[in-house]
Visitor: 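Below are the structure tokens for one structure; questions will follow.
Every number for a ligand or one of its atoms is a count from 1 in the order of the listing.
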Amino acid sequence: MDRLSDKVAIVTGGGSGIGRATALLLADEGARVAVADLSAEAAQTVAGDITKAGGDAVPVTVDVSSSGDAAAMVDQTMDAFGALHILYNNAGVDSSGDVVDGDEDDWDRCLGVNAKGTFLCSKFAAPAIESSGGGAIINQGSVAALVGVPNFAAYCAAKGAVVSLTRSMAVDLASRRIRVNCICPGTVFTPLMEPMLAARGGGDLDKGLELTIAKYPVGRLGEPEDIARVALFLASDDAAFVTGSIYTADGGMTAQ
Ligand code: 1HS
């Protein structure tokens, strides 16, 4: 289908995992995509995959916790495509430890990327989206914003901030014709999650996966494409009346 023809999207963290799956899906639906990632190599690889498949994409290197990088990412996208309609604030990092053994630098990094990064990318993207006629911002929350996940204090706090920021942005940006929604995924087995899963299994990744899957009524963890399809819906005109919403995509984990 061509649900996003004539649209331009930025996907942060687009070089791997959920971001990669979403960049590929949005391009397959006709969007021109800026694949933004901290890793220039990863961004180039995904942008190249889109181009080889007949799509239109450019790689962008960005540290979303840097205001200069976030502003430059939007400028590079506008220079490349002349418009911006969709921003997927997917880039994120994990954390380790509870409030007692958690590390202050780990807290600052986690809040800086997950919460401040969402703020900065949205700050610079919103005027560009407005000038392009409006569009959609999708923030990446987590079930960790909705339930307490053990030994994940900074991550839970950061994703809770993203959920609240989403509601605030939805109210503030409606007059600019920008819809803002948040996806709260359950665990998707990506490179980002391996440290947390291994720690949960006492250093045994397979044990950590077994313990985690047991928390999911559907009997499996998410796939990147499970989340990408929710992002596609929220980016598309099918969600024209949806803003300020929190979409859990968690295999029933938080329904228990
Ligand atoms: C990493 C993702 O945002 C989910 S947080 C961990 C949830 S679970 O593994 O404890 O079910």
Visitor: Under a 4.0 Å heavy-atom limit, does Val188 contact ligand 1 with its side chain, its backbone, both, or neither?
Guide: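 Val188 to ligand 1: no contact under 4.0 Å from either part.
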
Visitor: With no hydrogens and no angle check, just 3.5 Å: does a side-chain donor-acceptor pair link Asn89 and Ser122?
Guide: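 On atom types as modelled, these side chains qualify, holding a pair under 3.5 Å.
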
Visitor: Can you name the atoms of ligand 1, numbered from 1 with element, that are less than 4.0 Å from a heavy atom of Lys215?
Guide: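 In order of number, 8 (S), 10 (O), 11 (O).
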
Visitor: By number and element, which atoms of ligand 1 are closer than 4.0 Å to a non-hydrogen atom of Arg200?
Guide: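 So the atoms of ligand 1 that pass are 8 (S), 9 (O), 10 (O).
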
Visitor: Are side-chain N/O atoms of Asn139 and Thr118 paired as donor and acceptor at under 3.5 Å?
Guide: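 Side chains of Asn139 and Thr118: no pair found under 3.5 Å.
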
Visitor: Using atom types as modelled and distance alone, determine if a side-chain donor or acceptor of Thr243 lies under 3.5 Å from a backbone N or O of Val180.
Guide: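 Side chain of Thr243 to backbone of Val180, a donor-acceptor pair under 3.5 Å: yes, one is there.
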
Visitor: I need the minimum non-hydrogen distance between Ile178 and Glu130, along with the two atoms involved.
Guide: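 Answer, listing the atom of Ile178 first, then Glu130: CD1-N, 4.2 Å.
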
Visitor: Please write down residue, atom name and distance for the protein heavy atom closest to atom 5 (S) of ligand 1.
Guide: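 Of the protein heavy atoms, Ser142 OG, 3.5 Å lies nearest.
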
Visitor: Return the closest protein heavy atom for atom 1 (C) of ligand 1 as residue, atom name and distance.
Guide: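 For this ligand atom, the closest protein heavy atom is Met193 SD, 3.1 Å.
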
Visitor: Looking only at distances, can you tell me whether any N or O atom of Thr212, backbone or side chain, sits closer than 3.5 Å to an N or O atom of ligand 1?
Guide: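 No, there is no polar N/O contact under 3.5 Å.
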
Visitor: Under the 3.5 angstrom rule, does the side chain of Ser164 hit a backbone N or O of Ala161 as a donor-acceptor pair?
Guide: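 Absent.
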
Visitor: For Lys159 and ligand 1, answer yes if some heavy atom of the residue is under 4.0 Å from a ligand atom, otherwise no.
Guide: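 Checking ligand 1 against Lys159, which is what was asked, there is no heavy-atom contact under 4.0 Å.
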
Visitor: Considering the heavy atoms of Val149, write down every atom of ligand 1 situated less than 4.0 Å from one of them.
Guide: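 This gives 10 (O) as the contact atoms.
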
Visitor: Under a 3.5 Å distance rule, please check whether Ser95 uses its side chain to pair with a backbone N or O of Asp106 as donor and acceptor.
Guide: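 Between the backbone of Asp106 and the side chain of Ser95 there is no qualifying donor-acceptor contact (under 3.5 Å).
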
Visitor: If the cut-off is 4.0 Å to any non-hydrogen atom of Met196, which atoms of ligand 1 fall inside it?
Guide: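 That gives atoms 6 (C), 9 (O) of ligand 1.
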
Visitor: Can you check whether Pro127's main-chain N or O pairs, donor with acceptor, with Arg176's side chain at less than 3.5 Å?
Guide: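 Not confirmed, Arg176 side chain does not pair with Pro127 backbone.
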
Visitor: To the nearest 0.1 Å, how far is atom 9 (O) of ligand 1 from its closest protein heavy atom, and which atom is that?
Guide: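 For atom 9 (O) of ligand 1, the nearest protein heavy atom comes out as Thr187 OG1, 2.6 Å.
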
